[in-house]
Amino acid sequence: MTSFTPALRLQDIVKTFPGVRALDGVSLTVLPGEVHALMGENGAGKSTLMRVLGGVLQPNSGRILIGEEPTIMASPLDAKSKGVVFIHQELSLAEELSVAENVYLGELPRKSFGRVDWDRLHEKTAAILDKLKVGFTPQTRVGDLSLANQQMVEIARALTVDAKAVIFDEPTASLTDAEKVVLFDVIADLKARGVGVIYISHRMEEIFHMTDRISILRDGQYRGTLHTAETSEEELTQLMIGRKLDLSRKINHAEVGAVALEVRGLSCGRLYSDVSFEVRRGEVLGFYGLVGAGRTEVAETLFGLRDPDAGQILLDGEEVRIGSPVEAIARGISLVPEDRKGQGLVLGMNCRDNMTLPQVDDLKAGPFVAEGAEIAIFDQYRDKLDIRTPGWRQKVGNLSGGNQQKIVIAKWLSMHPNVLIVDEPTRGIDVGSKSEIHNLIRDLAANGFAVIVISSEMPEVLHVSDRIVAMHHGKVIRTFTSEEVTEESLVQAISGIVAETAA
Amino acid sequence: MAEMTKRDVGQFLARQGILVAFVIFIIGFTLANQRFLAVDNVLGVIRSSAILGVMALGVTFVVISGNLDLSVGSMMSFSTIVVLDLHDKIGPSLAIPAMFAMTMCLGALIGFLVGYLKLNSLIVTLGMLSAIHGLTLTYSGGKNMDIADKEGTWFSLFGQGSALGIPVPILMFALLAALLSLLLAKTAFGRKVYAVGGNGVAATFSGIRRARVVFLTYVISSFCVACAGLLQASRSMGSQNTVGQGLELEVLAAVILGGASLLGGSGTVFKTVIGVLILGFIQNGLLLVGLEFYVQYVVTWVIIILAVWLDIAANRGRLWSPIA
Amino acid sequence: ADTMKIGITQNNVGVDSYQTTYEKAFIAAAQANPDIEAVVLDAGGDVARQIAQVEDLIQQQVDAIIIWPTNGEAVVPAVRKAHSAGIPVIVTNSNIAEQGFEFAASFSGPDNITQGARAAEIMCEKFTEMGIETEAQIVQISGQPGYTTAIERAKGFEDRLPEVCPDVTLVETQPGDWNREKSQKVMEAFLVKYDDIDGVYAGDDNMGVGALNAAKAAGRDGIIFVGATNFSVGYEAMERGEYWGSIYQSPVDDAEAALKTALDVLSGAEVPFLNYFDTPKITQENMDQFDKPVF
Amino acid sequence: MNTLNTNDLLKQGAIWGFIVLELVFFTVAGKYLSLSQNAFMDLDNMLLLFKQSAPIGIIALGMTVIMINGNIDLSVGAIFALCAVVLLDSMSWPFLTGLGDWVIPVSWGLALLTGVVLGAINGLIVWKTGVDAFIVTLGAMLGYRGLVFMFNGEQPTSHLNWTLVDFAEAQFLGLHTATWFLLGVAVALWLLMTRTVHGRNAYAIGDNREAAVNAGIRVGPHMMINFMIIGFLAGLSAVVFYSESGSVNPNDGSLYELWAITAVVLGGTKLTGGSGSIISTLGGVLAIQLLRKGLGHIGADTETVNLVIGSILIAVLFLDRQLNRKAKGELRT
Ligand SMILES: Nc1ncnc2c1ncn2[C@@H]1O[C@H](COP(=O)(O)OP(=O)(O)OP(=O)(O)O)[C@@H](O)[C@H]1O
Ligand SMILES: Nc1ncnc2c1ncn2[C@@H]1O[C@H](COP(=O)(O)OP(=O)(O)OP(=O)(O)O)[C@@H](O)[C@H]1O
Ligand SMILES: [Mg+2]
Ligand SMILES: [Mg+2]
């Protein structure tokens, strides 16, 4: 905190959507050279507030001041020109274009006659990519990058202009630890240059690791600002969700039953090879690894979405060939996919219909769909997962990111699967719901289901898993039991270091 | 409170932009020519819209599932010619099922190409438009097809008969609309059509056989085309090879006018029916007022854009697009 | 003998049975003559495609080109091109514009203006016979907008009618696009709009029968239907006494006349520029003198 | 700019491979079936191919831009006709007759201006109302066609100017006037789409509109410019073609939009926008014209032509997909 003139101020911002008062008189002050966290439950209004600041949305009322100058953010470009850079929660990239074009999207350097100055573009981008220590070039097509690398492209945008303030809306949701380190370096760098950084995340450890102050939103209302150094997780949670949260690690190992799913020597092209593991009923198996480790691909193969080259899949000891998701579902496998917008939801459909989509064939009343049964399922999981929506008729696309994720989870939980595979289940989910989901996963296991959890968050994997499979470059390096695993050995394993001596 | 209600009414009106436009047009034409709303005329318009309408019902399914069908016009010519030809050869009671089978085979072929082979529907159906036209010409040798004994057959029932004072085409249109509306809105299949159109990948991830759903939408569409061909053949008891030419775009216009999004995932059978009626009444109304046929083109242009605009403006809550 | 290569580019074959029958007849006639090899093309109603086809025929060095113009004026430069390449051009069915006459060897086809005029006469005679020539009201359903044939027939009819029956009023004209269905719709609206319609002139029998169907469905009797290009549906309707008259025009005659004209031109015979083949009036009274049309 | 990998090359190569296939087929089949002593691949015939591709080709090139941008334009056929009407009609406007042959450039200008204005109307509606371009231009297809009819009723509009015809029929360096225009437009648009900020932004908008908006690209004006470009090109196509033919039927140009779109898709441009290439579209256009010419060359009759063109369209789509088939193990969605 180098100066007392705030980098920006938001005053009494109100924003309503049909049926929703998303922001109700929110004020926020960000100082130059500080990292200011914005926290709140899913749907509290964080992204909406940032969209107002970034010129994407116009507020119903309230003022925005940049360096004490009242301004109107007419458009994203306008905001950018006033020094506010917005790194979005959802990827916002043109896949067919090159990395360089994406980084400088909207501001390609020009030569005469509106020509693009390719040399300058590539040069400037290369410099930024250097800083981010990524393994791709400015000319790479963005569509060819993994999700995490795409996120890095998005982050690279923060470094293109001389910003007064940079907004990161859940930038780490799809990053693994290696990129996170780079990201934190970038943020530290921005901070050192006197830029005000607004950082949205649901991950406590990140918040405490690198922010200076924390502002809290709840149900669209401002709940106060705390100095990070002077607060605790408990106090934060209390402010965010209005109650205390029991975060103690309560692993109640259920009776582990027979092997529900066994995979032997499964290989699929360049994606992964010779993957073997087993999950028992009553057990949670964690999958941990770096970006590109191939965990998602293994899950997709089990769900009938990919054709393996070699290997066997055994369900309840019986070898099966799973040719399509239909077959997988019939055999009691559920997959919560990692990309909720692309793979998990029909955004234009309402909440209820999304939730019951995989079982719509089974919910019959005569020739028709039994709407009553559907609504019952919806109500049950809305309460169970605390999904915030005005009603089942709301389009899923209008929900906040976290609530969308909950719909996807509910959709597959309600199938009562034998084997549940969840890929990044709590990406973008607030602490309260996160622990709720963790408990649900444990409960499912306790009820005799086999659960596979793929996660890039070490605390999560450690917290929910009975055993952990560590993958690196498409290979299983090691399988840990929850007793023997340590953070250190796990990090070693996912970096490809085979620790022969591990206990 | 009063203000709230007023806004609700406003919202409702805006949301039902299509209906509002419809009512305004009816009033306008009626003022211009009192005969417009005469029972004969109304029934007449609905009857002659029925053929287009029946096709539009099927295309609604295709469009909601995120595809297009430009082949319906040429397919309708095909079924008309086939049923007329077979009528004299094997009698109406065999000719009708035979024609349905042949037409639905074409629909199944398109469904296979678009659904299972995942070829782009715009191009596939454009290709089929041309190919089916060629097929029809080959079948008929390019000649007009006429039923020899027009008086001595019950075949005229579908196009010209009436029950309870209502012409059969209208009954058939209404019945099909009701059935298909239930199918789309109330059954698991209907739900899947919306899901596939809304987000095909997510549908696959939800265990929906996307290819099969798409395939079935084309089969439904071809079934509707066959019904339209039957109505058409029975109405005029004879036909040219090009009887359905150009209808594909009118059908599409009706479906869009009803508010189905071409991106898939939205639209309803009821709205399509309204879209069909609007087109029918505009055509008829302008004829009654005595305007040149091409004025109708311009009017249709304005109406399509206004109707769709109103519709989306209501959805986003503001008139002008937020695009910078 | 030397075989002669004759290329033909037609207007839009698939569109109606007249044109299809024409094509069949042309091919049959060409095959019947061992000295002729024919290249048969169809422009699909598209001027650009027709011009391209003329260019292709020139490039293939055919001996003569027969053209059924999609647009009588637009093809003039293409005809000139053939002319300067030394290839005689025979225009068939509907003529090209006058500027092109100097480049074309000959025209062979029906006289559409006369046809329209004759239709007016048929209609007028019938009205006179019925005694309503002083107050009769008629409507016209014309062919596809923009086509020479449609325009000429309408013009012939509209010019002649006031000469023969000055008191008959033509209340409205709408196009039926050579399409029976479209014509039926148009007629339905006419019937709603006008209580008194005594006669209908349709640009061809196909549309005439469409109009007739509409009238029958509405239960309106006593309307006099007159068409052009007697189709078999029209002929049958005349047999049933529902349809009064038409103009007898055979696509077979049309095609054969075109081929014959081409052969005459190639053999160096003296050929008049305008080769109209006769298209007589046909009504319920004299129809037994005509064969039932095959199309 | 993207580096091309083999996959991309294969993708872009498909259409040229198809053209080679057509050439071989018609050359061989032509030997047996054609009446002509001239080979199909005769130089003059190939030169004609380019010339005959021009009317739809010029429009298809513009359609590529529109489709890369994520839109579609179904009204080009009607714009084409309306520009032609303006071109030919204006040549006999009394206040222009004093200009002698100088009326030609004026009429050309008026026709092109008409195209730009009509395109701008479409663009403006798409921009300001947010109605999908497919719908806007489907409406305009009817509306503009109505305007064509209003201009001169159902009569053709004609004005044969032999100076103009001679210019249009001229050959320079062996290439016809129309060919020069076609190639010129191709080069210009290729430069526009690969080298300029506008072109790259158009790609971005078609690829991910939301991302483009978020990045502050002014989506509306870019779309509007592209609609004006295709309007201009529809006008240019009309100018080039009707200078030679001198008369326009009110129905002219109908179905051109479909042929243009077909050519663009054959060239590998995605219907959803964001990717595509001008040069491949040129390939698509040539492939279609070659097919028509070839079928005429071997003497196929009308039924067959319809059947074959339809089936070929589907077959090419199928082949293209086989060529670009995803590797085994790829996500099955
Ligand atoms: N376009 C919209 N239409 C209707 N409601 C909306 C829209 N966008 C957001 N909302 C609603 O506004 C509220 C705030 O959403 P917002 O996305 O700001 O939440 P968030 O705090 O970012 O949550 P998360 O942590 O899940 O990302 C939610 O109730 C959401 O449903
Ligand atoms: N777009 C791509 N093109 C080529 N190879 C890819 C692409 N994306 C991923 N890969 C490769 O596929 C493998 C698995 O990638 P992916 O990132 O999906 O794994 P993951 O373990 O699921 O990671 P995440 O933590 O992101 O879920 C890696 O070998 C990676 O190099
Ligand atoms: Mg958010
Ligand atoms: Mg993954």
Side-chain angles (χ1 to χ4, degrees), chain A residues 51 54-56 75-81 86 88 90-98 100-102 104-111 113-118 121-122 137 139-144 154 157 267-272 297 300-301 304-309 323-325 342-343, chain D residues 1-8 11-12 67-70 188 190-222 225 229 268-277 324-333:
Chain A
R51 285 212 280 270
V56 183
S75 68
L77 198 60
D78 192 26
K80 214 169 181 178
S81 71
F86 189 0
H88 289 264
E90 314 287 347
L91 283 175
S92 184
L93 300 169
E95 301 206 335
E96 295 286 341
L97 299 190
S98 69
E101 284 174 292
N102 267 288
Y104 282 90
L105 199 61
E107 317 175 285
L108 297 174
R110 290 163 189 260
K111 290 194 288 196
F113 304 114
R115 286 176 304 151
V116 179
D117 189 341
W118 293 107
L121 175 66
H122 288 153
T137 65
Q139 286 89 349
T140 318
R141 204 182 72 107
V142 164
D144 292 333
E154 186 95 40
R157 287 177 174 165
S267 298
C268 185
R270 295 181 304 131
L271 299 173
Y272 59 84
E297 286 73 10
E300 283 165 349
T301 312
L305 285 160
R306 288 178 196 269
D307 222 0
D309 308 324
S324 68
Q343 305 170 332
Chain D
M1 284 217 347
N2 308 343
T3 45
L4 288 177
N5 55 33
T6 43
N7 193 19
D8 285 342
K11 210 183 269 182
Q12 309 213 331
M67 285 172 67
I68 286 173
N69 198 195
W190 178 73
L191 287 174
L192 180 77
M193 294 313 281
T194 55
R195 298 295 157 87
T196 69
V197 173
H198 170 73
R200 301 317 291 173
N201 283 351
Y203 271 97
I205 293 167
D207 193 338
N208 185 344
R209 177 129 150 210
E210 210 183 324
V213 172
N214 286 340
I217 292 177
R218 297 201 61 205
V219 170
H222 280 296
I225 288 173
I229 289 177
T269 296
K270 271 197 206 158
L271 277 157
T272 47
S275 84
S277 119
N324 293 310
R325 220 174 141 98
K326 291 176 174 176
K328 198 171 149 49
E330 205 60 26
L331 202 58
R332 277 195 291 239
T333 50

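Residue numbers start from 1 in every chain, and the chains themselves are labelled A, B, ... in the order their sequence lines are given, proteins ahead of strands.
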Among A/A79, A/P109, A/G323, which has the most heavy-atom pairs under 4.5 Å with chain D?
A/G323
Ignoring hydrogens, what is the shortest heavy-atom contact between A/V116 and D/V197? Give both atom names and the distance.
CG2-N, 3.4 Å
The test is side-chain contact (heavy atoms from CB on, under 4.5 Å); show your working for A/E95 and D/N208 and say whether it passes.
CA-CA 8 Å; A/E95 301 206 335; D/N208 185 344; over 6 Å; no
Calculate, to the nearest 0.5 Å, the distance between atoms CD1 and CD belonging to D/I217 and A/E107 respectively.
9.5 Å
Could you tell me which of A/R110, A/K80, A/E300 has the largest number of non-hydrogen atom pairs under 4.5 Å with chain D?
A/R110
How many angstroms lie between CD in A/E101 and CG in D/N201, if you round to the nearest 0.5 Å?
9.0 Å
Non-hydrogen atoms of chain D under 4.5 Å away: do they reach the side chain of A/L105, the backbone, both or neither?
both
Closest heavy-atom contact between D/A211 and A/S92?
CA-OG, 3.0 Å
I need the minimum non-hydrogen distance between D/G274 and A/E96, along with the two atoms involved.
O-CB, 3.4 Å
Is any side-chain heavy atom of D/Y203 less than 4.5 Å from a side-chain heavy atom of A/L97?
yes
Indicate the atoms forming the closest heavy-atom contact of A/P76 with D/N214, along with that distance.
CB-O, 3.2 Å
Select one option (side chain, backbone, both, neither) describing which atoms of A/Q343 are under 4.5 Å from chain D's heavy atoms.
side chain
